[in-house]
Amino acid sequence: MEAINIVGGGIAGLALAAGLDPERFDVTVHEQRPGLPRVETSLAMWPEAQGALAVLGILPEIKAVGATFGGMALRDAAGGSWASPEVRGVVGVSRADLIRLLDAAVPRSVRRAERKVEDIPATGPLAAGLVVGADGVHSVVRRAFWGPRANAKLTPYVALRGVLPVPVAPETGGEYWGRGQLFGITPASGGRTYWYASFRSELGPAGVEVAEALERARERYAGAAPAVRNVLQQATPESTLAQRIWTAPDLGSYARPGAVLVGDAAHGMTPNLGRGACEALVDAVALAEVLNARPLDEALSEYNRQRLLRTRLLRVASSAMTRLALAERAQPLRDRLLRLAAR
């Protein structure tokens, strides 16, 4: 049997482990912190991601615990609506539920190694066979095989996210675009509210202190719509995730001899298109399908062909959306153009 070591037991790593043929591959998942995330967040599953979940056999369960979106208004900072497009075919699912269901789909034959992988040794079990980097935007696998020039890139933005145990009022849902700040309010599973915020910040690049980030957010959004201020007042450090936004470098290939990247390790992007988790699922299922069907070299070449160009384009589009949504000096012009477009 061929050895595959998956570094990272998050969405991409578990989806790949669930999709690989257990009769052909000897699979080990290396994960520092197995189990469900401590802070709950919500993820939008677009149709392509739902297709990947269907291949893994868990789409009905995802839909059963998910939430539909309906209308999602695009608003100015005061809450005025520019547009209210109908969002069809998208399911919101808790990250915890997604991880739980992916984990349950992994065959029993897959070994779990509870460890922090800090480097890839030249010899030993981890160096045997194919090494898969499913270890996020700060990927150890990418650094080991692609070199220091492939380190993650820091953006000037911080992102906060959380879930509140209250439903979304129909007149408050959507995204609020202000001057250098974005705030989202969407339905979450169980009749709850998922919220997210992005703004420019000088908070440290690592180890952002959540209480401080929340206080900065309340200051930044003090003049925002009442719905935004109300959400931030209800948010607590225990129910909030706060992180600086990093992105992966633009790679010419997601595969090197002995290694391949999936998810954020390959193409970590800004969160403004809501595609990170979706593309991680599609990556994992695409890689599993080609590995199951072809010799290794052919499989990696085909995976690159399927996923490289599409995800590079999404990274560019997400960066462009970030610049538009978080515009500062150009914000008045942006708002005027959006008002004209909404007429």
Side-chain angles (χ1 to χ4, degrees), residues 4 6-8 10-20 43-56 87 89-90 130-155 157 245-325:
I4 293 184
I6 302 172
V7 180
I11 292 170
L14 291 174
L16 178 60
L20 288 168
L43 302 167
M45 295 288 100
W46 292 81
E48 299 91 339
Q50 293 179 46
L53 293 167
V55 171
L56 298 177
V87 180
V90 178
L130 180 67
V131 177
V132 180
D135 49 343
V137 70
H138 297 288
S139 173
V140 171
V141 176
R142 190 180 67 235
R143 185 175 70 237
F145 286 89
W146 276 257
R149 293 186 178 181
N151 286 342
K153 300 180 182 298
L154 179 64
T155 75
Y157 305 112
I245 298 176
W246 294 75
T247 62
D250 187 18
L251 302 175
S253 172
Y254 295 155
R256 289 278 175 92
V260 63
L261 303 173
V262 292
D264 283 351
H267 45 69
M269 62 187 79
T270 57
N272 297 79
L273 289 182
R275 304 291 304 208
C278 293
E279 298 308 314
L281 285 166
V282 177
D283 282 354
V285 169
L287 180 58
E289 288 182 333
V290 295
L291 285 171
N292 290 342
R294 302 190 182 196
L296 180 60
D297 289 347
E298 289 184 18
L300 296 185
S301 177
E302 175 61 17
Y303 169 71
N304 236 11
R305 188 192 69 78
Q306 290 184 23
R307 301 299 300 150
L308 183 64
L309 179 58
R310 173 180 172 77
T311 51
R312 290 173 86 176
L313 291 173
L314 282 170
R315 288 178 73 253
V316 171
S318 186
S319 294
M321 183 63 76
T322 300
R323 290 192 295 272
L324 179 64

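As a basis for the values below, the full set of heavy atoms in this structure was taken, side chains included, without hydrogen atoms, waters or symmetry mates.
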Query raised in the report: Given V131, which of I4, V140, V7 fulfils the side-chain contact (heavy atoms from CB on, under 4.5 Å) condition?
Result: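 It is V7; the other options fail the test.
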What are the two closest non-hydrogen atoms of [X] and [Y], and how far apart are they?
| X | Y | value |
| --- | --- | --- |
| S253 | A255 | OG-O, 2.9 Å |
| A284 | A15 | CB-CB, 3.6 Å |
| A248 | R142 | CB-NH1, 3.9 Å |
| F145 | P257 | CE2-O, 3.7 Å |
| A265 | G133 | CB-O, 3.4 Å |
| V141 | W146 | O-CE3, 4.1 Å |

Using side-chain heavy atoms (C-beta onward) and a distance below 4.5 Å, is [X] in contact with [Y]?
| X | Y | answer |
| --- | --- | --- |
| E289 | V285 | yes |
| L300 | L130 | yes |
| L296 | L291 | yes |
| M269 | S319 | no |
| T322 | I245 | no |

[atom2] on [Y] to [atom1] on [X], rounded to 0.5 Å:
| X | Y | atom1 | atom2 | result |
| --- | --- | --- | --- | --- |
| L281 | L14 | CG | CG | 10.0 Å |
| D264 | D283 | CG | CG | 9.5 Å |
| L273 | W46 | CG | CH2 | 8.5 Å |
| R307 | N304 | CZ | CG | 11.0 Å |
| S139 | N151 | OG | CG | 10.0 Å |
| E279 | H267 | CD | NE2 | 6.0 Å |

Report task. On the 0 to 90° scale, with breaks at 30° and 60°, tag the Y303-Y254 ring pair as parallel, tilted or perpendicular. Result ->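 Judged by the thresholds at 30° and 60°, the geometry between Y303 and Y254 is tilted.
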Does [X] reach the main-chain N or O of [Y] with its side chain, forming a donor-acceptor pair under 3.5 Å?
| X | Y | answer |
| --- | --- | --- |
| Q50 | M45 | yes |
| D135 | G8 | no |
| N292 | G19 | yes |

Requested in this report: Tell me yes or no: between the side chains of T270 and S318, is some donor less than 3.5 Å from an acceptor?
Outcome: yes
